[in-house]
Protein chains: 2
Amino acid sequence: MTEPEPFIRYIQRTVELTEEELTEFTAAFKLKKLKKKQFIIQPDFIAQYRSYVVEGALRSYVIGQDGVDHTINFAIEDWWVSDLNSYLYQKPATMFVVAIEDSTVLQIEYENEQRLKQANHKFETFFRIAAERTAAFHQRRIISALTRTAEERYNDFLLVYPSVAQRLPQYAIASYLGMTTEFLSKIRNHKVRKKN
Amino acid sequence: MTEPEPFIRYIQRTVELTEEELTEFTAAFKLKKLKKKQFIIQPDFIAQYRSYVVEGALRSYVIGQDGVDHTINFAIEDWWVSDLNSYLYQKPATMFVVAIEDSTVLQIEYENEQRLKQANHKFETFFRIAAERTAAFHQRRIISALTRTAEERYNDFLLVYPSVAQRLPQYAIASYLGMTTEFLSKIRNHKVRKKN
DNA sequence: AAATTCGGTTGAACTACTTCAACTCTTTTC
DNA sequence: GAAAAGAGTTGAAGTAGTTCAACCGAATTT
């Protein structure tokens, strides 16, 4: 790795490592440049990597029976992305993960992650915290999906991820929030007629 | 703890511990009996415990602006339950967690969990795996919510959790799956009229 | 054991959101 | 640089799922 600063800061915000440990840890990651529209995960293939976004934006999605595309997550700078169920359990993916801008990511391979976790208690702690954050994040999203209307979900999203909202195409935001692009367009332009 | 067998087996399925470690680990848990309708977590209070269900069934839910009750999760034997965002970050809960049958749980206090994780790499691994399972589980639920109709979600649920489906009241299942009790009732009795 | 509450059912009316189709503007491709 | 594809907008019609209200039986309370 050529050690991008933000990644090092991300690690240091999570666990306290010595210089040596930091070197060992970051050595397990490989820098990869992605062109817009390039895929890093596809259904039926096993997700080999977990990727930290250094620069750019990626989107993960599934295609339902009906052929409609549903955004499961996206990731911009300082976020992680993978197909969790594929990566963690090394079974075939159900998701696509694609770059929606030219991007740079740091990737760790499954086997290398296992090795790191075994080698050092602190590295294990790092991945434990990462998993907890993901679980807690998903929990909040589930609550939002169950309790809020389309318009509320969009407004919440703008408040929580203003920078993301500006960078992503609207169809990605709409399908992430569980609505059609058309409906999101109407919400944004106050074209939603209410019975109240 | 009085060491219920299923809990020990759960631990051994997750990490390999020596007799001594197992004793140290289980000592951090306290057995608690719950009467039906007893709450263990309530909004505005900090979730102090993570609870493993030895026997019985619990339900976690939030109440939306509209006053409607939404099931976030439930837990039967061999599952865990808590308000993750409250417990992990020790901030006020947004959820209720209540026993829907007389139940027995094993509870670990936040501070004790922290102590265990620091004390032994394997204990850290245990909680890392637990967090990963939760994250992966939530991911699957999000995909289901985004890609499937109410009826499909119910059928999927029956397939994946047949035992849970038999034990839980229907209003809990309905609100877990993101629909009303009335609609689930119609699905179950094939009273849903389709335009196809 | 009567009264109340709780969980579930049913039908009719309603609505939040989708679908479809047509159009515009921007970006990409050859 | 013309043509095609991609992203977003708008309106009209349609539908999956909600709401409301009335009812039933079983469990819980008094």
Side-chain angles (χ1 to χ4, degrees), chain A residues 35-38 57 59 61 64-71 74 96 98-102 144-158 164-196, chain B residues 35-38 57 59 61 64-71 74 96 98-102 144-158 164-196:
Chain A
K35 283 279 171 207
K36 185 172 174 172
K37 294 187 184 172
Q38 190 173 341
R59 179 171 89 97
Y61 63 96
Q65 326 271 66
D66 50 357
V68 177
D69 167 333
H70 301 272
T71 300
F74 23 66
F96 295 89
V98 68
I100 54 180
E101 299 175 2
D102 288 353
S144 166
L146 287 176
T147 63
R148 320 225 72 205
T149 64
E151 188 162 6
E152 288 168 345
R153 274 178 270 138
Y154 178 63
N155 290 328
D156 292 351
F157 182 79
L158 287 184
V164 183
Q166 285 180 344
R167 268 173 70 180
L168 294 187
Q170 268 177 51
Y171 68 83
I173 298 175
S175 80
Y176 176 80
L177 295 175
M179 66 187 86
T180 59
T181 19
E182 292 96 329
F183 196 65
L184 179 54
S185 175
K186 284 163 195 173
I187 287 172
R188 285 175 41 96
N189 297 298
H190 312 101
K191 293 272 161 56
V192 181
R193 49 189 227 80
K194 300 228 193 180
K195 268 288 153 81
N196 263 333
Chain B
K35 284 276 169 207
K36 186 172 174 172
K37 294 188 184 171
Q38 190 173 341
R59 180 171 88 97
Y61 63 96
Q65 329 271 66
D66 50 359
V68 177
D69 167 333
H70 301 273
T71 300
F74 24 67
F96 295 89
V98 68
I100 54 181
E101 299 175 2
D102 288 351
S144 166
L146 287 175
T147 62
R148 319 224 72 202
T149 65
E151 187 162 5
E152 288 168 345
R153 275 176 271 137
Y154 177 64
N155 290 328
D156 292 351
F157 182 79
L158 286 185
V164 182
Q166 286 181 343
R167 267 174 71 181
L168 292 187
Q170 268 177 50
Y171 68 84
I173 297 175
S175 81
Y176 176 80
L177 296 175
M179 66 188 85
T180 59
T181 19
E182 291 96 329
F183 196 65
L184 178 53
S185 174
K186 282 163 195 173
I187 288 171
R188 285 176 41 96
N189 298 298
H190 313 101
K191 293 273 161 53
V192 181
R193 50 190 228 80
K194 301 228 187 174
K195 266 290 153 81
N196 260 335

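What's counted below: heavy atoms across the whole structure, side chains too, no hydrogens, waters or symmetry copies. Chain identifiers are assigned alphabetically (A, B, ...) following the order of the sequence lines, protein sequences preceding nucleic acid strands; residue numbering begins at 1 within each chain.
Remark: side-chain polar atoms of Ser175(B) are paired, donor with acceptor, to backbone N or O of Thr71(B) under 3.5 angstrom. Between the side chain of Asp102(A) and the backbone N or O of Lys36(A), at least one donor-acceptor pair lies under 3.5 Å. Counting only distance, with no hydrogens or angles, the side chain of Arg153(B) and the backbone of Arg148(B) share a donor-acceptor pair below 3.5 Å.
A straight line from CZ of Arg167(A) to P of dA7(D) spans 16 Å, rounded to a whole angstrom. When the P atom of dG7(C) is taken as reference, atom CG of Asp69(B) falls 10 Å away, rounded to whole Å. Counting to the nearest Å, the P atom of dA16(D) and the CZ atom of Arg148(B) are 15 Å from each other. Remark: C1' of dA7(D) and CG of Asn189(A) are 14 Å apart, rounded to the nearest angstrom. When the P atom of dG8(D) is taken as reference, atom CD of Gln166(A) falls 14 Å away, rounded to whole Å. Atoms CZ (Arg188(B)) and P (dG7(C)) sit 15 Å apart, rounded to a whole Å. The distance from atom CD1 of Ile187(B) to atom P of dT9(C) is 12 Å, rounded to the nearest whole Å. In this structure, Glu101(B) atom CD and dG7(C) atom P are separated by 13 Å, rounded to whole Å.
The side chain of Arg153(A) approaches dC17(C) more closely than any other nucleotide in the set dC17(C), dG7(C), dG8(D). Closest to the Pro169(B) side chain, of the nucleotides dG17(D), dG8(C), dT10(D), is dG8(C).
Residues Tyr154(A) and Arg188(A) are in side-chain contact: their nearest non-hydrogen atoms beyond the backbone lie under 4.5 Å apart. Residues Phe96(A) and Asp69(A) have side chains not in contact (no heavy-atom distance under 4.5 Å, counting atoms from C-beta outward).
The OH atom of Tyr61(B) lies 11.0 Å from the CD1 atom of Ile100(B); values are rounded to the nearest 0.5 Å. One distance of note links CG of Leu177(A) with CG of Asp156(A); it measures 9.0 Å at 0.5 Å rounding. In this structure, OG1 on Thr147(B) lies 8.0 Å from CG on Asp66(A), to the nearest 0.5 angstrom. Of the inter-residue distances, the one linking Phe74(B) atom CZ with Ile173(B) atom CD1 reads 6.5 Å to the nearest 0.5 angstrom.
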Quiz prompt | Sequence-aligned protein contact record of nucleotides 18-30 of chain D, with B where the base is within under 4.0 Å of a protein heavy atom and S where only the sugar-phosphate is | solution = BBB-------S--

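The end-to-end axis angle of the helix from dA1(C)-dT30(D) to dC30(C)-dG1(D), rounded to 10 degrees and based on five pairs per end, is 50°.
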